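Structure, as structure tokens:
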Amino acid sequence: MAATRTFSIIKPDATRRNLTGAVTKMLEDAGLRVVASKRIQMSREQAEGFYDVHRERPFFGELVDFMISGPVVVQVLEGENAVKANRDVMGATNPADADEGTIRKTYAESIEANSVHGSDSEENAANEIKFFFNDDELVG
Ligand code: ATP
Ligand code: MG
């Protein structure tokens, strides 16, 4: 099967606790390859734009505040069935519901500060990659 791509964010709760490497290791151990990566401070406008689908949800304001509370690491991951492989290793949104061995079970602090984002479809992955990366930053 051909390799596909997905988009990942290591969230501020994880960068704050110096877990960038530990989280990336779990992604790599799940068969995903980091083909682009950069540490950025998101602006409020960027965070609001990225989470636009959640604008009407009650937690939107807090989520945006959290996502700009410190640096994040945005990454493009490549591998077989990358969207699903990443979602599987991330675990459930709420760490209390996440399976043993997942990133969120291992590291997440709460349903909001849950250490990682991962695209939920190939279509969203392509859009999210474009939101943060230029083509010449995808070096393979
Ligand atoms: P992500 O999109 O970050 O990969 P997800 O797809 O598992 O996570 P979504 O339902 O898309 O979860 O929610 C997006 C993010 O919003 C969650 O990762 C979490 O940080 C936050 N969030 C979701 N539900 C809640 C909630 N009930 N209270 C506070 N924050 C929440
Ligand atoms: Mg989501």
Side-chain angles (χ1 to χ4, degrees):
M1 208 172 90
T4 57
R5 286 177 171 175
T6 191
F7 174 75
S8 168
I9 303 177
I10 302 176
K11 294 184 178 182
D13 66 285
T15 63
R16 191 177 293 123
R17 287 175 288 150
N18 205 22
L19 294 171
T20 299
V23 170
T24 301
K25 169 106 171 70
M26 290 183 78
L27 297 171
E28 291 175 340
D29 287 347
L32 294 158
R33 173 178 294 270
V34 179
V35 297
S37 182
K38 56 187 175 187
R39 188 173 178 104
I40 61 168
Q41 172 65 51
M42 262 200 242
S43 67
R44 182 169 296 278
E45 293 66 35
Q46 259 179 321
E48 286 177 353
F50 181 73
Y51 279 122
D52 196 51
V53 292
H54 296 312
R55 204 172 277 270
E56 303 307 324
R57 313 257 304 255
F59 57 80
F60 179 73
E62 277 179 29
L63 175 60
V64 168
D65 286 344
F66 164 63
M67 290 300 287
I68 66 175
S69 67
V72 300
V73 179
V74 291
Q75 297 179 319
V76 180
L77 308 177
E78 194 172 273
E80 262 186 39
N81 213 347
V83 169
K84 182 174 188 301
N86 185 38
R87 298 289 297 188
D88 286 350
V89 73
M90 285 164 60
T93 309
N94 186 346
D97 301 329
D99 289 339
E100 288 296 335
T102 62
I103 293 169
R104 284 168 167 167
K105 179 71 173 185
T106 307
Y107 293 121
E109 295 180 319
S110 68
I111 190 169
E112 177 180 83
N114 60 3
S115 303
V116 280
H117 161 84
S119 308
D120 57 13
S121 69
E122 284 202 22
E123 188 188 353
N124 285 339
N127 289 332
E128 291 173 3
I129 290 168
K130 269 202 223 107
F131 193 91
F132 286 104
F133 289 96
N134 295 317
D135 283 348
D136 65 1
E137 294 178 296
L138 305 178
V139 292

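On a predicted model such as this, the values are computed, not experimentally measured, just so you know. FYI, the numbering just counts along the sequence from 1. Each ligand, and each atom within it, is numbered from 1 in the order the structure gives. Heavy atoms only: backbone and side chains are in, while hydrogens, waters and symmetry mates are out.
- Side-chain contact check for F132 versus I40: some heavy-atom pair is nearer than 4.5 Å.
- Of the protein's non-hydrogen atoms, the one nearest atom 3 (O) of ligand 1 is K11 NZ, 3.0 Å.
- Scanning L63, V116, V64 for the heavy atom closest to atom 15 (C) of ligand 1 points to L63.
- Remark: ligand 1 atoms within the under-4.0 Å shell around heavy atoms of M90 are 4 (O).
- For the pair N114 and N94, the minimum side-chain heavy-atom distance is 4.5 Å or more.
- Near Y51, with a cut-off below 4.0 Å to any heavy atom, the atoms of ligand 1 are 3 (O).
- Ranking the protein heavy atoms by distance from atom 23 (C) of ligand 1 puts F59 CZ, 3.5 Å first.
- In terms of protein heavy-atom proximity, atom 7 (O) of ligand 1 is closest to T93 OG1, 2.5 Å.
- Residues R44 and D65 are paired through a salt bridge, judged by an N-O separation under 4.0 Å between the basic side chain and the carboxylate.
- Not counting sequence neighbours, S8 has no partner by the side-chain hydrogen bond (donor to acceptor under 3.5 Å, both in side chains) test.
- K11 forms no cation-pi arrangement with Y107, by the criterion of a distance under 6.0 Å to the ring centre and an angle within 45° of the ring axis.
- The hydrophobic clustering, which links ILVMFWY residues whose side-chain heavy atoms are closer than 4.5 Å, places M67 and F133 together.
- Side chains of V83 and S121 form no contact here, defined as non-hydrogen atoms less than 4.5 Å apart.
- At least one heavy atom of N114 sits less than 4.0 Å from an atom of ligand 1.
- Of the N and O atoms on the side chains of R5 and S119, not one donor lies less than 3.5 Å from an acceptor on the other residue.
- Between G118 and ligand 1, at least one pair of N/O atoms sits closer than 3.5 Å.
- Protein heavy atom in closest approach to atom 20 (O) of ligand 1: E112 O, 2.9 Å.
- Taking atom 10 (O) of ligand 1 as the reference point, the nearest protein heavy-atom neighbour is R57 NH2, 3.9 Å.
- Tracing side-chain contacts under 4.5 Å through hydrophobic residues (I, L, V, M, F, W, Y), one never reaches Y51 starting from V116; they form parts of separate clusters.
- Within the 4.0 Å heavy-atom criterion, the part of R87 lying near ligand 1 is the side chain and not the backbone.
- Judged as a side-chain hydrogen bond (donor to acceptor under 3.5 Å, both in side chains), and not counting sequence neighbours, the contacts of D52 are R55.
- With a heavy-atom cut-off of 4.0 Å, R104 touches ligand 1 through its side chain alone.
- Proximity of E62 to ligand 1 is not established, as no heavy-atom distance is less than 4.0 Å.
- The nearest protein atom to atom 11 (O) of ligand 1, hydrogens excluded, is given as H54 NE2, 3.1 Å; this is a heavy-atom distance.
- Looking at atom 1 (P) of ligand 1, its nearest protein heavy atom turns out to be H117 ND1, 3.1 Å.
- Scanning the protein heavy atoms around atom 19 (C) of ligand 1, the nearest turns out to be I111 O, 3.2 Å.
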